[in-house]
Amino acid sequence: MKILKRVLGIVLALFVAAVFLFPLLWVFLSSFKTKLELLAVPPVFIFKPTLQNYINAFNSDFPMQVRNSLIIAISSTVISIVLGSLTAYGFSRYSIKGSDFLQFWILSLRMLPAIAVVVPFYLVFRSLKLLDTHIALILVYCLFNISFSVWVLKGFFDEIPLELEEAAMLDGYTPPQVFFKVSLPLARSGLATTAIFCLIQSLNEFLLAVSLTTRVAETAPVGLSKVQTLMGVDWGLLSAGSIIFMLPVVIFTIVVRNELVRGMSFGRMR
């Protein structure tokens, strides 16, 4: 009976995984199809692959847009992790008057819909002559990512026993040394988890990017939304661009996968 339940569980897990992975597989296959094969009815699953869609993608503005996305996303993620970890540690270890109100206010920035701040941001950056620049999007994304980082990382710092920090201080460590040499390394799984979510959020954001950029700082999501020809949407080019755009996140996730697993399950082993 136990073996049967285990087999059914595995089958169910494989089915759920297949359902979620099928769109990704479809996009991957579409990136190697010709236009006729993409529009074939019924769909074609056995075909001669072509790299023409990837060649077209690299011969367009898409590489520049991917570069812009990576610069903006990585910069905003690093800044958010640095400032978020410092703020989260302060909330976790020190008694701050009005701490609950401050934490709720920080979280409310994350809940703020982007469409509600598009016009104010546009007017501010226009007056500062920062429209269509990397700095504008980095600052905007930091506003949302820092609030997320604070809330997530505070939970990780709360999980670190105070006794470890007290023992370090007895050994002569100063408070900054305790943070950088004891607490921060112990929270590396939280840092990895937070970094991935901040990176994905920054890479995928579309509304603010399309409103605050025109050409120079245009990001990949904005570029992919403009894949139009006289014959309609170029689905092959769109699929190839999507695969290229996904690669950085996939590679980063694979590199930090061990820390990510620990981070997603923090608190269960205490």
Side-chain angles (χ1 to χ4, degrees), residues 57 60-88 90-91 98-154 193-229 232-235 237-238 241-242 244-246 248-249 252:
S60 65
D61 292 333
F62 190 67
M64 179 195 70
Q65 295 161 351
V66 172
R67 183 194 63 190
N68 290 338
S69 290
L70 291 176
I71 292 173
I72 293 167
I74 293 174
S75 300
S76 63
T77 298
V78 171
I79 295 172
S80 299
I81 293 297
V82 172
L83 298 181
S85 61
L86 291 170
T87 307
F91 280 126
S99 173
D100 293 339
F101 172 78
L102 288 174
Q103 292 181 58
F104 177 77
W105 177 75
I106 291 173
L107 181 63
S108 67
L109 296 177
R110 179 68 178 184
M111 297 185 292
L112 185 68
I115 195 171
V117 294
V118 168
V119 175
F121 277 141
Y122 181 86
L123 296 176
V124 169
F125 288 126
R126 186 182 66 177
S127 64
L128 296 175
K129 297 182 179 180
L130 290 177
L131 287 178
D132 200 21
T133 63
H134 294 157
I135 296 176
L137 288 181
I138 290 173
L139 292 175
V140 172
Y141 292 167
C142 282
L143 177 65
F144 293 96
N145 286 337
I146 288 175
S147 59
F148 174 78
S149 301
V150 170
W151 268 86
V152 174
L153 291 175
K154 181 182 181 299
T193 303
T194 307
I196 288 177
F197 281 104
C198 290
L199 189 67
I200 292 175
Q201 167 66 22
S202 299
L203 287 174
N204 289 344
E205 203 284 322
F206 175 78
L207 181 60
L208 292 169
V210 75
S211 302
L212 301 178
T213 63
T214 52
R215 179 74 172 81
V216 177
E218 194 172 66
T219 60
V222 178
L224 290 175
S225 69
K226 298 179 179 180
V227 181
Q228 294 279 348
T229 65
V233 178
D234 189 339
W235 295 108
L237 179 59
L238 182 61
S242 300
I244 295 172
F245 187 49
M246 283 189 287
V249 176
F252 180 68

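Here the structure is a predicted model, which is why all the values come from computation and not from measurement.
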Solution key, residues 143-152 side-chain donor-acceptor pairs under 3.5 Å, sequence neighbours excluded:
from : atom 1 : to   : atom 2 : distance (Å)
N145 : ND2    : Y141 : O      : 3.4
N145 : ND2    : S202 : OG     : 2.9
S147 : OG     : F144 : O      : 2.7
S149 : OG     : N145 : O      : 2.8
W151 : NE1    : Q103 : O      : 2.8

Evaluate whether atom [atom1] of [X] has more than 12 neighbouring non-hydrogen atoms of other residues, nucleotides or ligands under 6.0 angstrom away.
| X | atom1 | answer |
| --- | --- | --- |
| L123 | CG | yes |
| F206 | CZ | yes |
| L207 | CG | yes |

Run R67 and L70 through side-chain contact (heavy atoms from CB on, under 4.5 Å) and show every step you take.
CA-CA 5 Å; R67 183 194 63 190; L70 291 176; 5.9 Å; no
For S75, which of I71, V78, I72, T77 qualifies under side-chain contact (heavy atoms from CB on, under 4.5 Å)?
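When side-chain contact (heavy atoms from CB on, under 4.5 Å) is applied between S75 and each of I71, V78, I72, T77, only I71 qualifies.
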Under the side-chain contact (heavy atoms from CB on, under 4.5 Å) test, residues paired with I244 that sit two or more places apart:
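I244 satisfies side-chain contact (heavy atoms from CB on, under 4.5 Å) with Y54, A57, F58, F62 once adjacent residues are dropped.
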So, taking the atom named [atom1] in [X] and the one named [atom2] in [Y], what distance separates them when rounded to the nearest 0.5 Å?
| X | Y | atom1 | atom2 | result |
| --- | --- | --- | --- | --- |
| S60 | Q65 | OG | CD | 6.5 Å |
| N68 | H134 | CG | NE2 | 3.5 Å |
| T214 | D132 | OG1 | CG | 3.0 Å |
| I81 | C142 | CD1 | SG | 10.5 Å |
| S76 | L199 | OG | CG | 7.5 Å |

One pair to check against side-chain contact (heavy atoms from CB on, under 4.5 Å): L131 and L212. What are the steps and the verdict?
CA-CA 6 Å; L131 287 178; L212 301 178; 4.0 Å; yes
List the atom of [X], the atom of [Y], and the distance in Å for their closest heavy-atom pair.
| X | Y | result |
| --- | --- | --- |
| S211 | Y122 | O-CD1, 3.6 Å |
| L137 | A217 | CD1-O, 4.2 Å |
| F125 | A136 | CZ-O, 3.6 Å |
| D61 | R215 | OD2-NH2, 3.6 Å |

Any side-chain heavy-atom pair from L224 and L238 closer than 4.5 angstrom?
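In contact.
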When you look at T219 and E205, which way does the side-chain contact (heavy atoms from CB on, under 4.5 Å) test go after all the steps?
CA-CA 9 Å; T219 60; E205 203 284 322; over 6 Å; no
Residues passing the side chain to side chain donor-acceptor pair (under 3.5 Å) test with N204, sequence neighbours excluded, are none
